[in-house]
Each structure stands twice: as structure tokens, then as C-alpha cells.
Amino acid sequence: MLSGFPPVLECRGVTAGYGGVQVLFGVDMRIQRGEVVALLGANGAGKTTFLRVLSGLEPAWDGGVWLNSQPLGNMAAFRRVTAGICQIVGGESIAEGLTVGEHLRLWASSLEGGASPEVLAELDEVFPRLAERRGQMASTLSGGEKQMLALSKALIVRPELLVIDEFSLGLAPIVVGELLPVIRRINERGSAVLMVEQSVNVALSVAHRAYLMEKGAIVYE
Ligand code: ATP
């Protein structure tokens with residue numbers, strides 16, 4: 001990790017909630033370029049809410065979020081994608097009614113000139129099972145294949161920060177074992193990664209650092 005550079009992500013004192021119920025109570029976090037960071041915590045601690053605030057899907061009530069030193073403020077979710085935040089949610093980053101190939105083309109269309117032949121060749125190499133299924137409806141993929149497709153988005157888009165919620169939820173350990181090297185690869189390609197993961201073993205087998213969230217605040221780093 002390159003600690004002399006400004007952090008990819010910096011959060012200070014982030015608070016948020018739903019209606020009148022406060023869920024986040026001043027979250028501080030800093031992720032450097034090159035890092036894979038795990039966010040751990042019990043059910044209901046506020047992890048998903050925090051990721052939604054990062055992606056602009058929930059407004060922060062207070063505090064600040066900076067991406068490469070740029071304050072995100074009230075930036076809309078779709079603009080945060082262009083700014084470099086790509087979020088995938090275990091198995092749910094799939095659109096109904098689109099094939100595997102159409103998903104890949106959709107994500108590539110956000111890049112100037114589309115996905116390069118090198119990137120497409122890399123996808124075939126990393127996920128041969130998806131290469132055989134370009135014409136299949138993505139909604140009919142297995143859980144592991146859906147997660148492969150979701151990770152393909154990060155391989156295509158190469159975000160500044162990849163945010164993954166519930167990485168291993170519902171996946172067999174052998175599938176998780178196949179996918180962890182892909183997270184490392186995405187990280188080595190230049191994306192910092194923040195992953196929420198229920199299994200401490202899974203998280204710590206890939207993460208450089210971890211934060212523990214309890215009752216909407218970071219209690220341990
Ligand atoms: P899990 O590991 O179970 O997914 P989490 O740490 O991701 O939990 P959140 O999903 O962020 O926790 O939930 C934090 C709190 O916010 C919980 O008490 C939850 O009931 C509440 N909450 C989440 N989403 C909403 C919503 N849309 N409206 C109202 N309350 C919500």
C-alpha cells in the first residue's frame with residue numbers, strides 16, 4: 001500500500017439512519033490505494049447502511065466522505081460510479097431480463113471505446129464458466145456464477161474503490177475459495193477493495209486490514 005498518497009477513501013464522522021432512527025454514529029474510515037479492507041460486525045451493526053451511504057443510496061446526515069481527496073457531499077449514486085466507486089451486493093448485482101453477454105456489454109458501455117480485447121480475454125481466462133454462458137439469462141445462473149458475473153463488472157470497469165457487500169453469503173466454501181483470488185487480482189489491477197463479510201476467516205484470508213463495527217460505530221481496527 002502507498003501510504004504517502006492521499007487515501008482513496010476517507011470517511012469522518014459519518015452519521016445516517018432511516019426516518020427518525022439513527023443507525024450510524026460517527027463512522028471514521030481510511031482506505032489507501034492498494035488495500036483490501038474488511039468491514040466486520042454483527043447483524044444489524046450498520047455495515048450495509050454504511051456501504052449505501054458510500055454509494056450515495058442513502059444520504060449521510062452528517063460527517064464527510066472523500067474519494068481521492070474530493071468531497072462527495074450529496075453527489076448522486078450514478079455520478080459516484082463515474083467518480084470511481086463500484087458496489088456489488090452478493091448475487092444481487094444482476095438485472096432481470098439480460099443475458100450474461102448483455103451484462104458485460106452494458107458495463108463496458110460505460111467505458112470510452114468499450115471493453116478492450118485484452119479485458120475480454122482476461123474475463124474468459126478468469127471465468128471460463130461464464131465464457132460458455134454468454135447467451136444464458138443471468139437470472140438463471142447459480143449463486144457462484146452470479147457472483148462471478150458481478151466481479152466481472154469490477155474487472156471491466158476497474159474502479160478506484162470496489163465495495164462488496166456480503167461477499168460469501170449463500171456460497172459454498174469451494175466457490176468462495178475460487179473467487180478470493182479474483183478479489184486479489186482486481187486489487188492488483190489497481191482497485192482498492194472494501195468488503196463486508198460475515199466470515200472472519202474469509203475476510204482475513206484476503207484483507208490487509210479490518211474494521212469492526214458495533215452499533216453503528218467503528219470499535220476496533
Ligand atoms: P447484516 O449483517 O444483518 O446485513 P448490517 O450490519 O449490514 O447487518 P444494516 O443492514 O445496515 O446492518 O442495518 C442496520 C440497522 O438499520 C438495522 O437495525 C436495520 O433494521 C435498520 N435498517 C436497515 N435498512 C432499513 C430501512 N430501509 N428502513 C429502516 N431501517 C432499516
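Positions are given from 1, in the same order as the sequence printed here. Indexing begins at 1, ligand by ligand and atom by atom, following the structure's order.
Under a 4.0 Å N-O distance rule, the pair Arg185/Glu122 qualifies as a salt bridge. Comment: Arg189 does not engage Glu160 in a salt bridge, judged by the lack of any side-chain N to carboxylate O separation of less than 4.0 angstrom.
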Let me check something: any side-chain donor-acceptor pairs from residues 168-177 under 3.5 Å, sequence neighbours excluded? List them with distances.
{"from": "Ser168", "atom 1": "OG", "to": "Glu197", "atom 2": "OE1", "distance (Å)": "3.2"}
{"from": "Ser168", "atom 1": "OG", "to": "Glu197", "atom 2": "OE2", "distance (Å)": "2.6"}

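Both the sub-6.0 Å distance and the 45° axial angle are satisfied by Arg12 relative to the ring of Trp66.
Among Leu39, Ile186, Val193, the single residue meeting the side-chain contact (heavy atoms from CB on, under 4.5 Å) criterion with Ile164 is Val193.
Under 4.0 Å from any atom of ligand 1, one finds heavy atoms of residues Tyr18, Val23, Ala42, Asn43, Gly44, Ala45, Gly46, Lys47, Thr48, Thr49, Glu166, Gln198.
The local environment of CZ in Arg134 is crowded, with over 12 non-hydrogen atoms from other residues, nucleotides or ligands closer than 6.0 Å.
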